[in-house]
Structure formats: structure tokens, C-alpha cells
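When a ligand or atom number is given, it counts from 1 through the structure's own listing order.
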Amino acid sequence: MLNKVVFLGTGGTIAGTAQSDSDNVGYKAAQVGIDKLLESLPALQRALGAHLAETEQVMQVNSKDMVFAGWQLLLARVVHHLARPEVASVLITHGTDTLEETAYFLHRVVPAQLLSGKAVVITCAMRPASSAHADGPANLCDAATVAVSPLRSGVMAVCAGKVHAGVYIQKVHPYRLDPFDSGDGGPLGFVEEGEFRRVAALPEDLKGAAQAGIERLVTANCPRVEVVVSHSGSDGAIIRALQNDPINMTEPLRGIVVSGTGNGAIHEGMEVALGQARQAGILVWRTTRCAYGEVVLGSGAGTGELPAANTSAVKARIDMILALMQ
Ligand code: ASP
């Protein structure tokens, strides 16, 4: 019954083109349609085996420009296709810049029952399709291998032979072909010679969302949540500016996630301004700007301390948006 893989194109470098095949940075992302990406790839059919490919261009964007409405559109299509009995997996092509945010968002909201025996697999590229060293084709084939593997589960991302959990993946390098890391969680596995070798399972509570109300989620307005970084010299001016200058804000400011130093610490100047923001009803969370680990709460944590999120700031922003939408 599960004989289809639906490829959803969203853009990114994997669909990018440059003037010359040696240009790997001066290209334009999101130029080539998903049909075309699959067309010139006979190895993909081998990876898919008996499965049929179906394609849909959901959007065509450079993922640095992703917006919440884009996630809503994508979520609606993912949910639609996963609910089809013949669909084994949904495979999304995406830019690398915000891949971790899209993966985390989908991980948080795609209902677990739709993922039973199925997966959402996201892939990408660091070199444009026009490059003499394009990595998109191999990544697409690896992602297809994972999409049809009996070991697939949940929201996963495939790049440079590694399979990352959607909840853990983060971009850690701006140029190399293997730009992602899964932090302390490590990768879920590897694709080697057309085989998915899975080395890790996800903890039970991370296997999929029990999120109800998808209909509302795909149409609701996104509450405005901003991310700020605490650094030397953070005197709180940015917080006051956010609160006092709603001119360009279509949605009023509802929350702030602070990417704090070390164990989620915040500069004293910024802390004062955040206290005032909280008094004005703005939700404030803190997290760490460190690449690894999460804020560790000791028993001595004062009651006045800000709530700490256990993800990166951009992922905590997604959690806060979802919390504010409840
Ligand atoms: N700016 C590109 C994007 O995220 C980068 C990439 O795909 O590698 O769409």
C-alpha cells in the first residue's frame, strides 16, 4: 500500500543556479523546479526502488527568507500527503539556512498518528544545481533511501550522508558540504552505499507531536516573538526599542527569547529592560548561545529567574510562538 514518496519543493541552494559552474557562492537560490531536480537523476529511481515519485512545488524561496506563512503552507501539504494511505513518506527539498527551524517546527506540530510507519525527510544542498560539484543529487538520493527505509521515523533531515533528527539538527558551518550537527544528541544514522544505517532512536517523548488543531495552526496569525542576543555591552536599548517602536510591526510584540551567554546568563543592563518588558505583559524566555548543551537549572535557581528553554534560541522562538497560539 505504501508505494509513493511525495517530493515537496520549497527552493534553497539545491534548486539554485549560478552563471558559472565554478561559482558556489554567487548563485541565486530557488531557481529550478522540483520536477527538473528529479528529472536528471536516474540514481534516484534506484534509491526509491518500487516506490513511485510524485512532486509538488509548494514554494520557491531562499530559505533565509522563510516566514511563518511558508511553514503554514508547507504543514498543510505535509499533513495532506501523510494522510494518504499510499504515501510512505514526504520528502522536502529546502535551503540549509533555516532548515533547522522548518524541521523543528514540523517536528513539533505534525501529529504523531500521521507519522506512524511514515516519515518526513528534508534534504538540501550546499552547492547550487549548476555547480560542477553539486551535492544536491547525492543528498536527494540519500534522502530517498531514508524515505523508503523501514527504519524511517518522525521528522528527519539528510545531508552529506548523515541523517539528523529534525528536533536536534542545526547548521554549524556556512560553506562546507557537511554543514549540520545534531549537538549532544548526535546523528540518527548514516546513508552508506544506498543503505540507511540507523545508530540511534529518538527518546519516546520526541517521537512526534500530539498536536491537535492543525486547521487552526495553518490559518492563525503568528504572534510576534523576537530573538535577541546578550553580549558584552547589552544595555537593554534593543529591548526598549522593540517595545516602544511598533511602527513596522504588523503584529504587536508578544514575546522575547534571549540567546544568553554561557548557562543562559543575561547582561545586567538587558536584564533590567527585560524585567520592564515582562511587567508590560511580554513573555520572556532565555536560552544559551553556546553551540552545545542546554541551560542547566541548579537547585539554587532563584524564583525570580527567567524561564529557560532547552533548545537554541531560534527553536525556542518556535516553541514560544506555539505556546502563545494555544
Ligand atoms: N541561502 C540558501 C537557503 O537557505 C542556502 C542553502 O540552501 O544552502 O536557501
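- Of the polar atoms of Asp97, at least one N or O is found under 3.5 Å from an N or O of ligand 1, judged by distance alone.
- Contact check for Val78 versus Leu114: no side-chain heavy atoms found under the 4.5 Å cut-off.
- Considering only heavy atoms from C-beta on, Ser89 stays 4.5 Å or farther from Val120 through its side chain.
- Protein heavy atom closest to atom 4 (O) of ligand 1, with residue, atom name and distance, is Ser63 OG, 2.5 Å.
- Annotation: atom 8 (O) of ligand 1 to nearest protein heavy atom, Thr96 OG1, 2.5 Å.
- With a 4.0 Å heavy-atom cut-off, ligand 1 is reached by the backbone of Ala125 but not by any atom from C-beta on.
- Between Glu100 and Lys171 there is no salt bridge, since none of the side-chain N atoms of the basic residue sits less than 4.0 Å from a carboxylate O of the acidic one.
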Practice item. I would like to know whether Trp71 and Glu101 meet side-chain contact (heavy atoms from CB on, under 4.5 Å); could you show each step before the answer? Key: CA-CA 10 Å; Trp71 288 342; Glu101 295 177 53; 3.5 Å; yes
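- Shown in contact with Asn62 at under 4.0 Å from a heavy atom are these atoms of ligand 1, numbered in order with element: 1 (N), 2 (C), 3 (C), 4 (O), 9 (O).
- For atom 6 (C) of ligand 1, the closest heavy atom belonging to the protein is Thr13 OG1, 2.7 Å.
- Cation-pi geometry between Arg127 and Tyr175 is satisfied (NZ or CZ under 6.0 Å from the ring centre, within 45° of the ring normal).
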